[in-house]
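Everything below concerns the one structure shown next.
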Amino acid sequence: MDTAYIGKSRKRVDGVKKVTGTATYVGEFKPNGLVHGYVVNSTIANGKIVAIHTNKAKLIEGVLEIFTHENLPEDLVHNVDYTDPLSPPGHPFRPLYNDNILYNGQPIALVVAESFELARYAAGLVEVEYQVEECSTDIMKNRDSATSEGVEDTAPNRGNPELAFTNAEVKIDVEYSQPRHYHNPMEPHVSIAEWDVHNKSFKIYDKVQGVNSSQKYICGIFNLNSEKVQILSPFVGGGFGSGLRPQYQLFLAAMAARELHRPVKVSLTRKQMFSFGHRPACIQNIQLGASKKGKLESIIHKAYGETSKFEKYNETIVDWSGMMYRCDHVKLEYELIPVNVYTPMDMRAPGGATGMFALECAMDELAVKANIDPLEFRLINYANKDQNEDKPYSSKELKECYRQAAEHFGWLQRQTKTIEKKDDSVLVGYGMATGCWEAMQQKSSAKAVLDSSGKLVVSSSTADIGTGTYTVMSQIAAETLGVSMMDVQFDLGDTSMPKAPIEGGSWTVSSVGSAVKAVCIKIKEQLVDLAKVSSNENLDEVSYDEVSCADGELVLPNGKSINIKKILKKAALDKIEAENTLEPEERQEQYSCYAHSCVMVEVNVDKDLGMITVPRVTSAIAGGRIINPKTAESQILGAITWGIGMALEEEGMIDDRNGRIMNANLAEYHMAVHADVQQLDVLFVEEHDDIVNPLGAKGLGEIGIVGVASAIANAVYDATGKRVRNLPITLDKILV
Ligand code: MOS
């Protein structure tokens, strides 16, 4: 038995369950007496509900109740806290709270019936009269209302960027923009709530990226202690950030269940998945100046992000520009433009995917202007320290990313200068970009129970949103205690387990993984203590650190080993257990912790039709220690695919006259699918980091998308000579 699992490719431990349909997702639970809610959404973006007629719908047999702002339970109107752990400054949206309409698609009624079909039919009979007020949802048209109110500080400015820009020998002054993006996980949001009338407690199944977040939200609204609210979320069919904040279906299911004394399920349709947060539209102005030799002299980056009228959603968009490259003169600005939409939300690499898109396109533009190879240009300005904070990096193997990506892709051998043609009708272009994402660690708890049969059960209230949490946590636990993965069970997605942060920010391996490792070390220490009593070996002088675990045994410094199961047997114990909480170490504060990447792409552009395809992408990632190369590669492959969609396809289109999304379905909201993906090569660059966290792993959920859109935009320029600065780069923009 080999119990060294960290760093080895392992299939998903939940894979068989998933492909055989035995993994029960939230919407598949069927408590006794389950009834179904269907949401009615507003069709205006701003104004008031004058009347809402529910009589016709109520007459349908099997319809139990129709909830609107007119019959919202009294206790939910006063002194109620609707915030969640990620609430930005402002007032969180409160479903059915009053007659105000804040955005198009706002839930304004919940029809509850014996079946989903009945509820949906009855919902169609609800008639609403509105007093319509003017709305505006286009940030381009609303630039005048940009505000710094509620905006978090950007990284500090330095030097005299305006003067340095004026004096620079080579410069660019450009504007980039991108539209709204919608997360669109395969599994739509769904909640099933059960109310225990006697205990006055909830048991709720919720599709979410962190059960503790939903628990806080429900406790605040219904004025309950956390022991009275259990949230379960064992399997999640994709999140990408859409499940970081609790959504309205959770509130509606819980409220209806409490009022009706029946378990209530509220499942959103695909169209309704476009009726809450999205990646905000963004406008970015960048001025870059350099010397003729390519030394960056000035960086001025200003971003305008979209937000709602009721919350100030913040992303870190411009700070990357101050950090990435060596430059003495930097100015960073960020403002928000409130429009009549729902509050935007974090979406895969929030802010990073956006800010690095503009920066890395601008770097390419300046390199071309200075007549320097874009890779060389980045090396000239390479930063060994975090330029914003003047701190060393805990590790930064970005140079090695550049080198390996270039070698694998054949960057230096590529055709340059003249526009290359595959044949008469296809233009070929090459582009590259740098990627970066923060390597964060959050306070996390875990519990481990080892029984005398050798089975190890480890738990933490984290989530597996498809990323492989079940698998990598099992690997970490098995290796730390030296037991077979077959004997390890990792449980998650339940508020009754030790508390974990939401699964987001690429911090789950770093945070929960480190907590899992730490709690397994505690079990090892208990085993050593037990062995000291029961073993024939003299272990009095042996310290914990000198004992390692492998192959089901404690390995002593003298080379002898003691079987773990036998230790428990000798001590006549059925099981031993440990629980602990781990926080980031203080010394981390002295370092900047980031993952880096280099993305290189080839594009082909049809000369006559403007159609763009991406035959090749190479992504070299420095993400610290890779726990499971197989699931790690899957993370990056998925993220590159998103990057292709971001560059060429994704665009949430809103009709500015009424604030309604026009392409709220997967036919018209284009995203990269299998046919858009050709050769994707992922390279993991070796990176040793014993500062970032006890595992040395930086997290890979988000780094893979950062830089991809810019590399593609840069390649499109290389192929066509056209700089398309407003995403997505659709064929019409190539042909004009
Ligand atoms: Mo991620 S946007 O933190 O789920």
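Values in this document were obtained by computation on a predicted structure and should not be read as measured data.
Atom NE2 of His91 has 12 or fewer heavy atoms from other residues, nucleotides or ligands within 6.0 Å. Surrounding CG of Asn223 are at most 12 heavy atoms belonging to other residues, nucleotides or ligands under 6.0 Å away. The local environment of CG in Asp153 is sparse, with at most 12 non-hydrogen atoms from other residues, nucleotides or ligands closer than 6.0 Å. Counting heavy atoms of neighbouring residues, nucleotides and ligands inside a 6.0 Å radius, atom OH of Tyr25 exceeds 12 of them. Other residues, nucleotides and ligands contribute over 12 non-hydrogen atoms within 6.0 Å of the NZ atom of Lys302.
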Open item on the list: Leu336 vs Asn314, test: side chain to side chain contact (heavy atoms under 4.5 Å, CB included). Steps then yes/no.
Closed with: CA-CA 8 Å; Leu336 294 173; Asn314 278 259; 4.3 Å; yes
- [ ] Take Ser242 and His189, measure what side chain to side chain contact (heavy atoms under 4.5 Å, CB included) needs, and give me the verdict at the end.
- [x] CA-CA 9 Å; Ser242 66; His189 279 32; 3.3 Å; yes
- [ ] Would you check, one step at a time, whether the test side chain to side chain contact (heavy atoms under 4.5 Å, CB included) holds for Thr495 with Ser461?
- [x] CA-CA 6 Å; Thr495 46; Ser461 69; 5.7 Å; no
Open item on the list: side chain to side chain contact (heavy atoms under 4.5 Å, CB included) for Glu335 and Val151? Distances and angles first, verdict last.
Closed with: CA-CA 7 Å; Glu335 289 193 326; Val151 175; 5.5 Å; no
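Side chains of Glu702 and Trp437: a donor-acceptor N/O pair is present below 3.5 angstrom, by distance only. For the residue pair Ser226 and Gln215, no side-chain donor N or O sits within less than 3.5 Å of a side-chain acceptor on the partner. At a cut-off of 3.5 Å, with distance as the only test, a side-chain donor of Ser321 or His301 sits close to an acceptor on the other residue.
Classified by interplanar angle (parallel below 30°, tilted 30° to 60°, perpendicular above 60°), the ring pair Trp642/Phe240 is tilted. A parallel orientation is assigned to the rings of Tyr205 and Phe29, their planes being inclined by less than 30° (bins at 30° and 60°).
A heavy-atom distance below 4.5 Å is found between the side chains of Lys312 and Thr147. Considering only heavy atoms from C-beta on, Thr354 comes within 4.5 Å of Gln284 through its side chain.
Of the possible donor and acceptor atoms, one in the side chain of Ser233 sits under 3.5 Å from a partner among the backbone N and O of Asp206.
Listed by chain and number, the residues in a side chain to side chain contact (heavy atoms under 4.5 Å, CB included) with Arg143 are Met140, Glu175, Ile283, Asn285, Tyr304, Ile337 (sequence neighbours excluded). In this view, Ala155 and Asp319, Leu332, Asn388 satisfy the side chain to side chain contact (heavy atoms under 4.5 Å, CB included) rule, not counting sequence neighbours. With sequence neighbours excluded, no residue satisfies side chain to side chain contact (heavy atoms under 4.5 Å, CB included) with Glu134. Partners of Asp656 according to the side chain to side chain donor-acceptor pair (under 3.5 Å) rule, which considers only residues two or more places apart in sequence or in another chain, are Thr137, Lys141. Remark: Glu306 engages Arg180, His278 in a side chain to side chain donor-acceptor pair (under 3.5 Å) (not counting sequence neighbours). In this structure, the side chain to side chain donor-acceptor pair (under 3.5 Å) partners of Lys56, at least two apart in sequence or on a different chain, are Glu127. The side chain to side chain donor-acceptor pair (under 3.5 Å) check on His78 picks up Glu74, with sequence neighbours excluded. Qualifying side chain to side chain contact (heavy atoms under 4.5 Å, CB included) partners for Leu76, counting only residues two or more places apart in sequence or in other chains: Leu72, Pro73, Tyr82, Ile221, Phe222, Phe251, Met255, Arg258.
The two residues Val318 and Ala303 make their nearest non-hydrogen contact at CG1-CB, 3.7 Å. Across every non-hydrogen atom of Lys58 and Glu65, the tightest pair is CE-OE1, 3.8 Å. Taking each heavy atom of Tyr248 and Ser275 in turn, the nearest pair found is OH-OG, 2.6 Å.
Within the structure, salt bridge (charged side-chain N to carboxylate O under 4.0 Å, His left out) contacts touching residues 336-358 (residues at least two apart or in different chains) do not occur. Within the structure, no pair that satisfies the salt bridge (charged side-chain N to carboxylate O under 4.0 Å, His left out) test touches residues 502-512, not counting sequence neighbours. Identified under the salt bridge (charged side-chain N to carboxylate O under 4.0 Å, His left out) test for residues 242-254, with sequence neighbours left out: Asp84-Arg245, Arg245-Glu311. Applying the salt bridge (charged side-chain N to carboxylate O under 4.0 Å, His left out) rule to pairs touching residues 262-277 yields Glu114-Arg262, sequence neighbours excluded.
Ser214 contributes atom OG, which lies 5.0 Å from atom CD1 of Ile231 (distance to the nearest 0.5 angstrom).
Here Tyr103 and Phe93 bring their ring centres to under 6.0 angstrom of each other.
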